[in-house]
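Along the sequence shown, the residues carry numbers beginning at 1. Atom set for the values below is all heavy atoms of this structure, side chains included, hydrogens, waters and symmetry mates excluded. Please read these numbers as outputs of a predicted model, since none were measured by experiment.
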Amino acid sequence: ASRPELVAYHWMQAGELELAVVAWERAGNFAVSRRAFTEAERAYRKALIALADLGPSPEHDSKALALQSLLADSLRITRGFSAQETVEATARARALADRNGDRAQQFLQMWGQWTAASSGGNHVAAIKLANEFYRLASLDGGTESLAHAHMIQMTSRYRIGDLLGAEDHFKKGEQFFADPDFSRRPGVIAQTYGNAARIGWIIGDDSAAQRRVLGAPPS
């Protein structure tokens, strides 16, 4: 039970690929639980290799999406959001999410793509992804997705100098930012209200800037 990668290795060597996929995923999840993300990355890659050898099917597409998403999550920690490997893993997960029509994964992978572009300084790509995310969130109508959509729009517009557009999205999004699923994501409250405070200050609304710093909901 403490070395699930050994079980996975033996299933792989025996040619029992279905069992190997399950075991490698379990090994990856076990590594994540210990914050051993390099080991998790390795296990998820092996699970994807075994799955690819099984051939295509709707069930395998669904499993590939789950594994690709887990791999991308691990790479964001081991390599960083903007690393080429992370970008490629996220793009593969996004393509699978689009093909499967998995709305939750579409949001997750689009957020990953936007973060990679924005943190990497590719603000032209970031604003395009922000617009795409916003369109999808408007169709979805969920509070968490709308909170992310307005935060992403605000941040992207702030970074390209569209301060009035950024201010508009902060004001429209403020009713959604207290959503618990949004606010518990690491860093989003600091980024949202920190940027909003700077935007208020730059456009000359000092009272709004001060209020945003002091009035941000707890994360």
Notebook entry, point to check: Nearest heavy-atom pair of S69 and Q109: which atoms, and what distance?
Noted result: OG-NE2, 3.1 Å
Item checked: Over all atoms of both residues, closest heavy-atom pair of A40 and V32 -> CB-CG2, 3.6 Å
Check: Hey, does the side chain of T192 reach the backbone of I189 with a donor-acceptor pair shorter than 3.5 angstrom?
Finding: no
Next item on the list: Show your working on side chain to side chain contact (heavy atoms under 4.5 Å, CB included) between L67 and L71 and close with a plain yes or no.
Entry: CA-CA 6 Å; L67 289 168; L71 174 61; over 6 Å; no
Check: Got T78 and L75 here, is their nearest side-chain heavy-atom distance under 4.5 Å?
Finding: yes
Check: Where do L65 and A97 come nearest, in terms of heavy atoms and distance?
Finding: CD1-N, 3.8 Å
Next item on the list: Compute the centroid of each ring, for W114 and then for F107, and state whether the two points are separated by less than 6.0 Å.
Entry: no
Margin query: For a 4.5 angstrom cut-off between non-hydrogen side-chain atoms, does H60 reach E18?
Written below: yes
Next item on the list: Answer yes or no: is there an ion pair linking R184 with D181, defined by an N-O contact shorter than 4.0 Å?
Entry: yes
Check: Do M151 and N195 come within less than 4.5 Å of each other through their side chains, counting heavy atoms only?
Finding: no
Item checked: Cation-pi check, R212 onto W201 ring (under 6.0 Å, within 45° of axis) -> no
Notebook entry, point to check: Within a reach of under 6.0 Å around CG of L164, are more than 12 heavy atoms found that belong to other residues, nucleotides or ligands?
Noted result: no
Margin query: Once ring-ring contact (aromatic ring centres under 6.0 Å, His included) is applied, do any residues pair with Y134, and if so which ones, sequence neighbours excluded?
Written below: H150, H169
Checklist line | Nearest atoms (heavy-atom pairs only) where A117 meets A125 | finding: CB-CB, 4.2 Å
Checklist line | L139 side chain near R135 side chain, heavy-atom distance below 4.5 Å | finding: no
Notebook entry, point to check: What closest approach, in Å, do A130 and I152 show between heavy atoms, and which atom pair accounts for it?
Noted result: CB-CG2, 3.4 Å
Note to self: Check R94 with E132, please: is the shortest side-chain N to carboxylate O separation under 4.0 Å?
What the structure shows: yes
Check: So, Y158 side chain and R198 main chain: donor-acceptor pair closer than 3.5 Å or not?
Finding: no
Check: What's the shortest heavy-atom distance between A23 and W11, and which atoms?
Finding: CB-CD1, 4.0 Å
Checklist line | ILVMFWY network linking V188 to L146, side-chain heavy atoms under 4.5 angstrom | finding: no
Next item on the list: Compare all side-chain heavy atoms of E174 with those of Y193 and state whether any distance is below 4.5 angstrom.
Entry: yes
Note to self: Hydrophobic clusters here meaning ILVMFWY residues chained together by side-chain heavy-atom distances under 4.5 Å, can you tell me if L70 and V87 are in one?
What the structure shows: no
Note to self: Tell me if the OH atom of Y9 is crowded by more than 12 foreign heavy atoms within 6.0 Å.
What the structure shows: no
Checklist line | Validation row: Y44, S74 side chains within 4.5 angstrom (heavy atoms) | finding: yes
Next item on the list: Taking the side chain as every heavy atom from C-beta outward, state whether R79 and E41 have any pair of such atoms under 4.5 Å apart.
Entry: yes
Checklist line | pair R159-S118: side-chain heavy atoms closer than 4.5 Å | finding: yes
Check: Are F176 and F182 near enough that their ring centres are under 6.0 Å apart?
Finding: no
Check: Any Lys/Arg nitrogen of E5 or R3 sitting under 4.0 Å from an Asp/Glu carboxylate oxygen of the other?
Finding: yes
